[in-house]
Amino acid sequence: MIKKRIIPCLDVKEGRVVKGVNFVGLRDVGDPVELAKRYNAEGADELVFLDISKTQNGHDLMIDVIRATAKTLFIPLTIGGGISTVDDIRQLLNAGADKVSINSAAIRNSQLIREASEVFGSQCICVAIDVKYDPEEKDYFVHTHGGSKKTDIRAFEWIAQCASLGAGEFLITSMDHDGVKQGFDIEFLERANRMVDIPIIASGGAGEADHFTELFQKTGVSAGLAASIFHNKEVEIKDLKTDLHQSGIEVRFI
Amino acid sequence: MIGIIDYSLGNIQNIKNALEKLEYEYILSSKYEDLKNCDAILLPGVGHFGNAMETIDRLGIREDLLALAETKRFIGICLGMQLLFEESEEGDAKGLGLLSGKITRMETPYPVPHLGWNTLSSQSPVLDGKDVYFVHSFMAENTDSVIATAEYGVTVPAVVKKDNIIGIQFHPEKSGDIGVDMLKQAIEGGL
């Protein structure tokens with residue numbers, strides 16, 4: 001059977017890895033290619049690079065990072081951040097990316113999902129969604145710009161719409177949980193998972209190995225993603241997979 | 001020298017990267033003249049079966065591919081593996097017919113595409129028990145050439161082989177160091 005995936009996420013700015021806590025206060029933790037090699041050796045099943053550069057030079061450096069990474073290691077590589085057009089996607093795939101993750105651009109123009117999945121196949125189109133609970137409206141809403149701007153789009157409606165437009169995967173970040181290290185947003189993720197027949201990568205909230213066990217025991221999502229706990233070696237992927245295996249969750253060993 | 005069939009279908013950058021890692025020289029071409037002196041031929045491909053065969057026919061290379069497959073180790077990867085068969089439901093099209101059997105939409109209680117890492121069962125020690133990366137919605141059926149399978153609510157043919165013809169349904173170039181080694185074994189005849 002298909003294995004549950006463990007995915008480290010590397011936020012890359014101007015060609016260097018940074019990670020924010022609650023998306024503010026960025027701090028440099030290293031060279032993306034070196035970090036990618038370390039994760040590959042530890043048994044990461046896939047890598048996500050989020051390009052948070054604001055400059056053209058930063059995006060160009062990202063292309064170099066993708067090229068160098070894809071020449072060095074041979075696991076799926078997903079790139080997100082600043083992708084607006086089919087041409088952007090083509091450039092990333094040609095550099096060696098296997099999937100792209102589209103966030104704000106899909107909200108500005110949802111037809112990009114349809115167009116991109118028709119041109120490249122839905123298997124390489126991941127839609128990233130940042131969600132936050134609104135206690136007044138008693139519902140989850142989509143946020144953009146690294147989670148800082150609230151939209152009036154209801155998260156579950158957006159997920160259904162993206163699925164019908166041809167999204168091949170979702171990367172769902174729970175803003176309320178992100179950086180807090182108290183566990184994933186189980187309730188939201190399982191409801192999303194029941195709605196769609198498309199793999200979901202869960203993000204936001206992992207602080208220890210048990211949070212991944214809980215994620216895979218209580219929801220049907222396909223993958224768990226985290227950043228700082230892996231970068232800082234608070235959780236080692238090899239040990240995490242051993243824990244998951246002992247809890248009866250099927251994972252890949254190298 | 002490895003010949004990669006160039007018919008502009010899907011991203012082959014990572015296949016090139018894997019060959020470079022293995023220190024093979026390769027040429028990307030759709031011309032028989034370039035390919036006839038290669039030691040092995042790779043037929044990559046991602047996308048739609050019907051479109052792929054249409055492109056092969058538009059380039060006029062079907063006969064060349066069949067001629068290459070007569071003498072050389074001929075390795076189809078992902079959609080390239082499916083093209084080795086007689087026909088497919090995807091686009092209702094004829095394939096190269098190098099292997100018997102047809103390509104049908106996967107029928108399983110689980111989500112399609114079959115996407116992610118799955119474990120191989122095989123008589124071959126190079127393949128058996130190894131986790132490899134799959135992305136596909138269609139699979140081979142009624143074929144007698146299966147040498148490795150994966151379970152996904154249905155038994156999925158993962159590697160097929162008949163004499164010098166080899167088909168790999170998963171992505172060896174995305175299956176970590178183990179996958180890159182499998183690609184080498186396929187090229188060297190070690191599967």
Side-chain angles (χ1 to χ4, degrees), chain A residues 1-7 37 39-47 66-78 89-100 117-124 126 163 168-169 193 196-201 220 222-223 241 250-254, chain B residues 8-22 45-49 51-52 78-79 90 108-121 129-137 150-156 170-184:
Chain A
M1 268 311 294
I2 288 283
K3 307 292 188 277
K4 299 294 185 184
R5 288 173 283 157
I6 300 298
I7 308 177
K37 270 158 79 173
Y39 288 136
N40 181 50
E42 283 181 10
D45 299 306
E46 190 168 325
L47 293 172
I66 298 166
R67 283 213 182 95
T69 307
K71 279 188 192 300
T72 314
L73 50 93
F74 297 89
I75 56 174
L77 182 59
T78 302
I89 297 170
R90 184 173 291 116
Q91 198 188 4
L92 295 166
L93 296 178
N94 285 341
D98 299 287
K99 301 187 244 182
V100 295
S117 65
E118 280 172 4
V119 174
F120 305 108
S122 59
Q123 81 287 339
C124 63
C126 174
E169 191 166 55
N193 179 60
V196 289
D197 224 6
I198 296 170
I200 292 174
I201 302 171
S222 303
K241 285 190 157 183
E250 284 199 55
V251 289
R252 158 187 173 253
F253 287 100
I254 53 169
Chain B
S8 307
L9 213 80
N11 189 355
I12 54 150
Q13 185 56 47
N14 290 320
I15 292 200
K16 292 201 243 172
N17 289 342
L19 292 178
E20 281 168 25
K21 165 107 178 179
L22 291 168
V46 170
H48 188 273
F49 189 103
N51 291 348
C78 198
L79 178 63
E90 188 183 26
T108 166
Y110 301 112
V112 174
H114 172 218
L115 186 154
W117 296 88
N118 205 341
T119 311
L120 299 178
S121 298
K130 304 292 196 310
D131 289 334
V132 294
Y133 192 74
F134 288 86
V135 186
H136 65 119
S137 302
E151 285 306 318
Y152 190 58
V154 58
T155 299
V156 178
F170 55 88
H171 285 278
E173 79 283 11
K174 284 281 104 182
S175 297
D177 296 337
I178 285 170
V180 175
D181 183 55
M182 285 176 193
L183 184 61
K184 181 180 179 177

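Computed from a prediction, not measured in an experiment: that's the story for all the values here. Below, chains carry the letters A, B, ... as their sequence lines are ordered, and counting in each starts from 1.
At a 4.5 Å heavy-atom cutoff, the contact between B/Glu173 and chain A is made by backbone atoms alone. Contacts between B/Tyr110 and chain A at a heavy-atom distance below 4.5 Å involve the side chain alone, from C-beta outward. For chain A, the nearby part of B/Ser175 is the backbone; its heavy atoms alone come within less than 4.5 Å. Heavy atoms of B/Val46 lying under 4.5 Å from chain A belong exclusively to its side chain. For B/Ala150, no part lies under 4.5 angstrom from a heavy atom of chain A. Neither the backbone nor the side chain of A/Glu250 has a heavy atom closer than 4.5 Å to any heavy atom of chain B. In this structure, chain B has no heavy atom under 4.5 Å from any part of A/Ala223. The part of A/Thr72 that comes within reach of chain B is its backbone (N, CA, C, O), which places non-hydrogen atoms under 4.5 angstrom from that chain.
In this structure, CZ in A/Phe253 is found 9.5 Å from CG in B/Asp131, a value given to the nearest 0.5 Å. Once rounded to the nearest 0.5 Å, the distance linking OH of B/Tyr133 with CZ of A/Arg5 reads 5.5 Å.
Between the side chain of B/Lys174 and the backbone N or O of A/Ile75 there is at least one donor-acceptor pair closer than 3.5 Å.
Residues A/Glu169 and B/Leu115 meet the side-chain proximity criterion, which asks for heavy atoms closer than 4.5 Å. Contact of the B/Gln13 side chain with the A/Lys71 side chain is registered, since non-hydrogen atoms from C-beta on lie closer than 4.5 Å.
Exactly one residue among A/Lys4, A/Lys3, A/Met1 makes a side chain to side chain contact (heavy atoms under 4.5 Å, CB included) with B/Trp117. That residue is A/Lys3.
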One pair to check against side chain to side chain contact (heavy atoms under 4.5 Å, CB included): B/Tyr152 and A/Ile2. What are the steps and the verdict? CA-CA 7 Å; B/Tyr152 190 58; A/Ile2 288 283; 3.4 Å; yes

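For the set B/Pro113, B/Gly176, B/Gly116, the entry with the most heavy-atom pairs within less than 4.5 Å of chain A is B/Gly176.
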